[in-house]
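Note that the coordinates shown come from a computational prediction; the quantities given were computed from them, not determined experimentally.
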Amino acid sequence: MSWIWLAPTISIAYLGVLFALAYHADRQAARGRSLVNNPIIYTLSIAIYCTSWTYYGSVGRAAMGGVGFLPIFLGPTLMAALWWLFLAKIITIAKVNHITSIADFISSRYGKSPALGGMVTLFVVIGVMPYIALQLKAVAVTLDVVSFLDEGIAVGPLPELWQDTALHIALLLALFAILFGTRHLDASERHEGMVMAVAFESLVKLSAFLLVGLFVTFVLFDGVEDLFGRAMQHPELRRLMSFDVVPGGYPSWFSMTFLAMLAIMFLPRQFQVLVVENLNREHVSQASWLFPLYLLAFNLFVLPIALAGRIIFMDGSVDPDTYVLALPIHGQQSWLAVCVYIGGLSAATSMVIVEVVAMSTMVSNDLILPMLLRFRSNFRDDLSGVILFLRRGIILGLLLLGYLYYRLIGESHTLVSIGMISFAAVAQFAPSILLGIYWTQASRRGAMGGLLAGFLVWGHTLLLSSFAQSGWIAHSFLTEGPWGIAWLKPHALFGLTLFDPVTHSVFWSMLANVGILVMVSLFDRQTAVEQIQALNFVNVFEQGAKGGDAYLWSGFVSVQSLKKLLARFVGPASAEAGFAQYFRQCDLKLDDSSQAPAHLVAFVEKHLTGAIGSASARVMISSVVSGEELDLQGVMRILDETSQVIEYSQRLELKSRQLEAATAQLQEANARLQELDRMKDEFLSTVSHELRTPLTAIRAFSEILHDNDDLPLQERHRFTAIIIKETRRLTRLVNQILDLAKIESGKMEWSVTEVDLPLLVQEAVDATRQLFDNKSVQLLNKVPDQTMMLWADRDKIIQVVINLLSNAVKFCDAQTGRVVIELRETEADLGVAVVDNGSGIPEEDLERVFEKFYQAQTDAIDLPLGTGLGLTICRKIIERHQGRIWAESGVGQGTAFIFLLPRQVQDPEDSGSP
Amino acid sequence: MKRRNDRLVALVILGMVALNFPILSLFSREGVVFGIPLLFFYLFGFWLLFVLMIAMIVTRKSGEKP
């Protein structure tokens, strides 16, 4: 039996098995029993990341560059840890907005711009084409190797076009992609069958690779130690175990990690399996560690196989990219070689199928349909058939394009360098997407400018230079720069020669991309649609964030026209079901002829977006909605109405806050009034009480005198003396009350003149001398006998000093009592202290002695009773002079009453009123 | 949920530091661990550790919404 026939037969049979599996999964999904709705299948489907590039290319790169292949897998490992942050948000946005591709995502985010969607699609096709070519190359080369198993490995010139294995493979893959991806048109663009097949293939390629690894390590060699030990005996292979051999060194290592981090998210096929085919957002959290584990397992044997290949094929007769296949052949294990081939086939086919299906959706929805609909937006027939046909044509076209690329360029490059070109291309989408979902200011013009700049730099520094390397354009392009302009040399832009070509390209393209996106956005004005979409995307997790776009349509359209429109793209049955479900959901009862509310139009637009992309859906809706699509003014008006309501309610809030404040003030005032009222009552009752005490005494003694004519003279004298004393007290009390009332009501007359303080004190001392002598209390005037002038009302100040002196004598013990009057002065003030050695005042009462009717608690019974108003009046007088009066004391330490008056103050108002 | 996100971001920063210059250069020298060259052992060992740490963070208190 010849391998020439067996290998292609096995290939086709394997693809047939895959298709049967996919068909089964699709049937189950249609019955509502999803086979792919679990995190394991989700993880395995993400593993289409491992293409034939991983399968063959990693070993090839490891054989020459040691650990240099690892960043391509370490990047996704790092990114997987962030999936829970980024990916979960992107998935939610995509589900809410019915987004089915990267182009759709970007165009939808930036105001559903058809131009942006078309641009992204074009870039994807240009950027990913080398990658597809790479897979075709891998399958073709390995099929040739396996087909000539019996005859040895043949490496010849490119065969004739119609005999070229790669072309046959391209056509075969196109057929399968059409069968997997475009059997019917579905608004969600999900393909459960395809996902199932891809997941199965991921399992096959991993098993096959592990099998080779085990075979090489444990059959060809005696385990890991033996393999590494023998490799270390060769100085050249020994170098592979250090970092020195990694091409480009640490900068290249970093830039490749960075590119791989972005590629795992934004390669069209990764976006398809990660976002579009995702059934449950919770799967992301499991996949974020299962997928890196898969990558780890896949890479475990890369280095052993590479080193084994280098040892066994020391003469360099075998291309390192084919070591995986060549080693089993060398070991005479034909069936193992076929297993390896099947594994490589799995890696390549799954990648190609998902990639072209994802790209066909993009090309049809974002490139061809918008143009088609713009020119002929009044199709009246069922368009779903046309779209399917279109997509099939696109798939075939893409694969032929990939083949063409392979034919023209692919031969001269190793697997890895071709792959990196595509990675660097899709990395350009990262700024618009990642900034777009976190930064509302990112604008359409910014995204377009950034993408365009990034791609131009990428095209110049990587794509064109790869053309130059393969001899397709003149080699002087590389060495001297285009048109001989040295600073435009593709590998040394502006003379930057620090990095390897990929790092160099990544640096400049990302700088241009991010820089322009940010700068333009900062100075741009977004349209209404852009603003609404930006908010929809950024705030997707917030309640009520959706539905803003319901405002975007304000024209008139009947329910029936909407239904017809939807039916043309998704088929009548599916359209009817969609409407029925939406009516139930919103509790709507509308017949076909009634006018559709704005949110229903928005619903149809979203549904259409799933089928034909956001930009096309927009064009279609605007074709059936009569009346203008809401323009900026219209949206602003609606927003304005909303903002007026908001403003009105804010004003109401402000008003109510002001009212609250006013109420609080009123309450405070009321409380103060009540307090004052209470104080007045208290004052009145105290005053009447104080007046009644002497009155009672006077009346009682008067009555005694009146009723008893026979009282002895002596008694009579005593009683009249009491009456006189009480009358005086009464007079004094009434005078003081009148004084106080006058001061408080401001009716007191003040005659402020320049007075000499020591003189004034002497007068007060003279006036009270008798009091001291009566009680034998010593009085010491320590005020120096010199002129000290200040502005004051002379009589009032004398009154204060007299009051303080008489108070002091009152609380001093007879015989031992001693009162000192002394001068107190500071820079600004001048005053007097009256210090006694009496019983003192408790600290808590020091302030209260100045209150009205405060009477000191005292044991002395024979004290001449005070009125309790003296100190209050003193304080009023001193305060009127803008001075201070206070008491200092402790129980048993005597008391000092001190007042200070400002030296310089001459209140013109006071002096004016004599 | 905020804490889980913070932990993941911290983990990625750790990974980026550990898998780049200059930490990486520390392991680029001759040496063998369990028969495996030091650099290979470090890279794959850290990789495994990193995956286990993601697993630990995301499986803890799963079922919440981000």
Which atoms of Met261(A) are under 4.5 Å from chain B, going by heavy atoms: the side chain, the backbone, both sets, or neither?
side chain
Using non-hydrogen atoms and a 4.5 Å limit, figure out which bit of Leu38(B) sits close to chain A: side chain, backbone, both or neither.
neither
At a 4.5 Å cut-off on heavy atoms, which part of Leu300(A) comes close to chain B: side chain, backbone, both, or neither?
both
Pick one: which of Phe34(B), Phe27(B), Phe46(B) meets side chain to side chain contact (heavy atoms under 4.5 Å, CB included) with Phe41(B)?
Phe34(B)
Treating Gln270(A) as the side-chain partner and Tyr49(A) as the backbone partner, does any N or O pair qualify as donor plus acceptor under 3.5 Å?
yes
So, the part of Leu295(A) with a heavy atom under 4.5 Å from chain B: the answer is both
For chain B, find which of Leu70(A), Asp226(A), Val224(A) contributes the most heavy-atom pairs closer than 4.5 angstrom.
Leu70(A)
Specify whether Tyr438(A) and Phe86(A) have parallel, tilted or perpendicular ring planes, treating 30° as the upper limit for parallel and 60° as the lower limit for perpendicular.
perpendicular
Toward chain A, the part of Phe50(B) with a non-hydrogen atom under 4.5 Å
side chain
Whether Ser252(A) side chain and Pro247(A) backbone form a donor-acceptor pair below 3.5 Å:
yes
Heavy-atom donor-acceptor pair, Thr217(A) side chain to Leu214(A) backbone, under 3.5 Å:
no
Per-residue contact mode, Leu52(B) against chain A (heavy atom under 4.5 angstrom)
neither
Can you tell me which of Phe254(A), Phe73(A), Trp253(A) forms the most heavy-atom pairs within a distance under 4.5 Å of chain B?
Trp253(A)
Part of Met16(B) within contact of chain A (heavy atom distance under 4.5 Å):
both
Counting only non-hydrogen atoms closer than 4.5 Å, does Leu43(B) touch chain A with its backbone (N, CA, C, O), its side chain (CB onward), both, or neither?
side chain
Between Leu303(A), Val67(A), Leu293(A), which has the largest tally of heavy atom pairs under 4.5 Å with chain B?
Leu303(A)
In terms of heavy-atom proximity below 4.5 Å to chain B, should Leu307(A) be classed as side chain, backbone, both, or neither?
side chain
Does the ring of Phe537(A) carry Lys89(A) above it, NZ/CZ under 6.0 angstrom from centre and within 45° of its axis?
no
Taking ring pair (Phe, Tyr, Trp, His ring centres under 6.0 Å) as the definition, give me every residue that meets it alongside Phe228(A), ordered by chain and number, with sequence neighbours left out.
Phe40(B)
So, does Arg238(A) use its side chain to make a donor-acceptor pair with the main chain of Ala231(A) at under 3.5 Å?
no
